[in-house]
Amino acid sequence: MCYRIVPMTAAQLPAVAALEKVCFPADPWSEALFQAALDNPSVAVLLALGEGGGLLGYAVLSVVLDEGSLDNIAVAPEHRRRGVAEALLSALTGFSREKLAVLMLEVRASNVPAIALYEKHGFAAVGRRKNYYDAPKEDAILMTLEFTNGTENAE
């Protein structure tokens with residue numbers, strides 16, 4: 001599969017918001033929230049676009065000082081298991097490695113494929129938030145990836 005990773009623009013807001021509703025129907029971000037992310041210099045929204053420019057997936061990274069939070073990563077159901085999420089995550093960890101001390105995220109405890117992807121990229125489980133998610137109610141696994149002088153901490 002051929003795709004490219006690019007920053008989101010305002011023209012892509014409707015497509016991103018529509019994909020959000022498909023991937024997270026219980027509690028999707030609104031188009032206004034994505035617009036706020038686009039307007040915030042401390043937030044990066046990256047898109048994976050297919051050969052014809054169609055949206056395959058997206059990822060949202062928020063930064064405060066030297067800490068990053070992977071707020072959201074989503075791939076259209078028909079494009080999953082083809083490396084799209086991995087490409088988005090690689091782009092974000094590459095940026096983070098250069099600029100941040102740590103990258104953090106929460107993931108549903110039942111989302112085994114996502115946990116495996118994060119572990120493959122060096123994230124480690126560091127905690128659990130009880131009943132963090134709704135619809136259905138579920139715990140979140142807290143994961144972090146720490147960086148020191150351009151390399152991950154080995155712990």
Side-chain angles (χ1 to χ4, degrees), residues 1 3-50 53-127 129 132-135 138-147 152:
M1 167 176 272
Y3 45 83
R4 57 195 172 95
I5 306 299
V6 299
M8 181 177 73
T9 66
Q12 296 151 325
L13 282 169
V16 172
L19 180 55
E20 171 79 1
K21 288 177 186 171
V22 169
C23 294
F24 305 105
D27 191 22
W29 286 20
S30 66
E31 192 170 321
L33 273 175
F34 281 105
Q35 179 65 59
L38 191 59
D39 294 340
N40 186 336
S42 296
V43 177
V45 182
L46 296 182
L47 308 181
L49 301 179
L55 179 64
L56 308 179
Y58 65 87
V60 181
L61 173 72
S62 299
V63 176
V64 176
L65 300 174
D66 64 349
E67 296 181 354
S69 174
L70 179 56
D71 297 328
N72 209 343
I73 189 164
V75 176
E78 65 273 20
H79 296 294
R80 291 180 184 159
R81 316 266 326 143
R82 297 182 184 174
V84 176
E86 182 143 10
L88 288 162
L89 188 57
S90 291
L92 290 177
T93 56
F95 165 83
S96 299
R97 187 172 290 113
E98 298 288 322
K99 308 282 185 193
L100 304 175
V102 64
L103 185 55
M104 300 170 280
L105 62 88
E106 289 113 356
V107 61
R108 281 185 180 271
S110 66
N111 194 342
V112 175
I115 292 169
L117 174 65
Y118 298 137
E119 288 175 340
K120 179 179 176 183
H121 281 263
F123 284 84
V126 296
R129 293 190 199 273
Y132 181 77
Y133 293 104
D134 291 319
E138 186 173 355
D139 293 354
I141 303 297
L142 304 173
M143 302 185 83
T144 62
L145 176 58
E146 296 184 31
F147 304 102
E152 294 86 30

Going by salt bridge (charged side-chain N to carboxylate O under 4.0 Å, His left out), name the pairs with one or both residues in residues 106-118, residues two or more places apart or in two chains.
E106-R129, R108-E138
Less than 4.5 Å apart, any side-chain heavy atom of L70 and any of L89?
yes
Would you check if L46 and L61 make a side-chain contact, meaning some heavy-atom pair closer than 4.5 Å?
no
For a quick test of reading the model, state the closest non-hydrogen atom pair linking A87 to I5 and the distance between them.
CB-CD1, 4.0 Å
Shortest non-hydrogen pair, L88 vs I73, comes out as CB-CD1, 4.1 Å
My understanding is that only residues two or more places apart in sequence, or in another chain, count here; which of them pass side chain to side chain contact (heavy atoms under 4.5 Å, CB included) with A74?
C23, F24, Y58
Quick note, side chain to side chain donor-acceptor pair (under 3.5 Å) partners involving residues 61-70, not counting sequence neighbours, are S62-D71, S69-D71
Please give me the minimum heavy-atom distance between A48 and V84, naming the atom from each residue.
CB-CG1, 3.6 Å
Verdict with reasoning, L103 to R97, per side chain to side chain contact (heavy atoms under 4.5 Å, CB included):
CA-CA 9 Å; L103 185 55; R97 187 172 290 113; over 6 Å; no
Holding to side chain to side chain donor-acceptor pair (under 3.5 Å), I want the full list of residues that pass it with N40, two or more places apart in sequence or in another chain.
none
I need the minimum non-hydrogen distance between F123 and L105, along with the two atoms involved.
CE2-CD2, 3.5 Å
Nearest non-hydrogen partners of V107 and I115, listed with the distance:
CG1-CG1, 3.6 Å
If the condition is salt bridge (charged side-chain N to carboxylate O under 4.0 Å, His left out), which residues does E31 pass it with, not counting sequence neighbours?
none
Could you tell me which non-hydrogen atom of M8 sits nearest to which non-hydrogen atom of L13, and how far apart they are?
CE-CD2, 3.7 Å
To the nearest 0.5 Å, atom NZ of K99 lies from atom CZ of F147 at 13.0 Å
CA sep, side-chain torsions, deciding dist, call: L55, Q12, side chain to side chain contact (heavy atoms under 4.5 Å, CB included):
CA-CA 8 Å; L55 179 64; Q12 296 151 325; over 6 Å; no
List in chain and number order the residues that pass side chain to side chain donor-acceptor pair (under 3.5 Å) with D27, two or more places apart in sequence or in another chain; answer none if no residue qualifies.
none
Taking the side chain from Y3 and the backbone from G83, do they hold a donor-acceptor pair closer than 3.5 Å?
yes
Report the distance from atom CG of L142 to atom OG1 of T144, rounding to the nearest 0.5 Å.
9.0 Å
Distance, nearest 0.5 Å, that separates CG of L19 from CG of L56:
9.0 Å
Using the side chain to side chain contact (heavy atoms under 4.5 Å, CB included) rule, take W29 and V16 through it: C-alpha gap first, then chi angles, then the decisive distance, then the call.
CA-CA 10 Å; W29 286 20; V16 172; over 6 Å; no
Hey, what do you get for OH (Y118) to CG (L145), rounding to the nearest 0.5 Å?
12.0 Å
